[in-house]
Amino acid sequence: MKEMWDKRFAAEEYVYGTRPNEWFAQCLDKSKPGSIFLPAEGEGRNAVFAAKLGWDVFAMDYSTEGKAKALRLAEEQNVSINYQIADVLKNEWPEQFDAIGSFFLHLPPDQRKDLHQKMLAHLKPGGLIIMEVFDVDNLPIRKMGPQNADLLYTEKEILYDFSGLEILHCEKAKRHLKEGAFHDGEGITIRFLGRKKD
């Protein structure tokens, strides 16, 4: 899997673009900067955006090519990000954070539950979890996203996994994505925002 992502991110262009995820940008624009963790951050578009808003950014991914492009983007935008090469499931996360952002991180159900538990464990009281993922109903579209239903989400699963949070937003909808070559067109996604109770 690492080889696949390294190959994809080795392209000269930023394959998911350099602009942040739209939902992420909306949520951060309304939030006070603090510390933020971005697992599976890839080419760094969200990390750099957060850093420009004054967030203390820690990103993690196992793609060395992704990290190289993220650091290059950060340098071009005159910001600093902390980016660790590691498997987000197998490696320890460094601390607790004021926010955790996860975007189109699609894993098998058992690994997904482990990821969500780690997110909850490393979120400070009052902290936010911001997510956008492809819904299982996106499968027939076949334009983007995983082509395996087991890797896709439902609102019910997300609400169950994060039932301990204050749910601020959870909405499934068809949206037009414009995030580089791999996310370009209509897709059915779920946008989630939850706050850890004090």
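- K118 contributes a side-chain N or O that, together with a main-chain N or O of V88, makes up a donor-acceptor pair within less than 3.5 Å.
- Rounded to the nearest 0.5 angstrom, I190 CD1 and C170 SG are separated by 6.0 Å.
- In terms of hydrophobic clustering, with Ile, Leu, Val, Met, Phe, Trp and Tyr side chains grouped at heavy-atom distances under 4.5 Å, L28 and F58 are assigned to different clusters.
- Judged by distance alone, with hydrogens and angles left aside, the side-chain atoms of Y14 form no donor-acceptor pair with the main-chain N or O of G44 at under 3.5 Å.
- Not a single donor-acceptor pair under 3.5 Å links the side chain of K113 to the backbone N or O of D161.
- Distance check, rounded to the nearest 0.5 Å: CG of L115 to CG of L89 gives 6.0 Å.
- In this structure, S35 contributes its side chain and D98 its backbone to a donor-acceptor pair below 3.5 Å.
- Residues M131 and H116 come closest through the heavy atom pair CE-NE2, 4.0 Å.
- For the atom pair Y153 OH and F104 CZ, the distance stands at 11.0 Å (nearest 0.5 Å).
- Contact record, I36 with A50: CG2-CB, 4.3 Å, taken as the closest heavy-atom pair.
- The main-chain N or O of T154 is found under 3.5 Å from a side-chain atom of E157 such that the two form a donor-acceptor pair.
- For residues 16-33, the set of pairs meeting the side-chain hydrogen bond (donor to acceptor under 3.5 Å, both in side chains) definition, not counting sequence neighbours, comprises R8-Y16, N21-E132, N21-E179, E22-R191.
- Counting non-hydrogen atoms of neighbouring residues, nucleotides and ligands closer than 6.0 angstrom, the NZ atom of K124 exceeds 12 such neighbours.
- Residue E13 qualifies as enclosed at atom CD: its count of foreign heavy atoms under 6.0 Å is above 12.
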What verdict does the side chain to side chain contact (heavy atoms under 4.5 Å, CB included) test give for F103 and I130, after you've listed the backbone C-alpha separation in whole Å, the side-chain angles of each residue and the deciding distance to 0.1 Å? CA-CA 8 Å; F103 304 97; I130 309 165; 3.9 Å; yes
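- Between I100 and M119, the closest heavy-atom pair is CD1-O, 3.3 Å.
- To the nearest 0.5 Å, the span separating CG on L152 from CD1 on I188 amounts to 10.5 Å.
- In this structure a side-chain-to-backbone donor-acceptor pair under 3.5 Å is present from D198 to G126.
- Under a 3.5 Å cut-off, the side chain of K67 and the backbone N or O of I85 do not form any donor-acceptor pair.
- Using cut-offs of 30° and 60° on the angle between ring planes, the pair W93 and H122 is tilted.
- Within a 6.0 Å sphere centred on CD of E92, other residues, nucleotides and ligands contribute 12 heavy atoms or fewer.
- When every heavy atom of E186 is checked against every heavy atom of M144, the shortest pair comes out as O-CE, 3.3 Å.
- Listed for the H106 side chain is a donor-acceptor partner under 3.5 Å among the backbone atoms of L151.
- A distance of 9.0 Å separates CG of L71 from OG of S80, quoted to the nearest 0.5 Å.
- The backbone N or O of P20 sits nowhere less than 3.5 Å from a side-chain atom of N46 that would complete a donor-acceptor pair.
- Considering all non-hydrogen atoms of both residues, K196 and L120 come closest at NZ-O, 2.9 Å.
- Smallest separation of non-hydrogen atoms from A40 and L105: CB-CD1, 3.8 Å.
- Not one N or O on the side chain of K52 forms a donor-acceptor pair closer than 3.5 Å with the backbone of V79.
- Taking the six-membered ring where the residue is Trp, F192 and F162 present parallel rings, their angle staying beneath 30° rather than reaching 60°.
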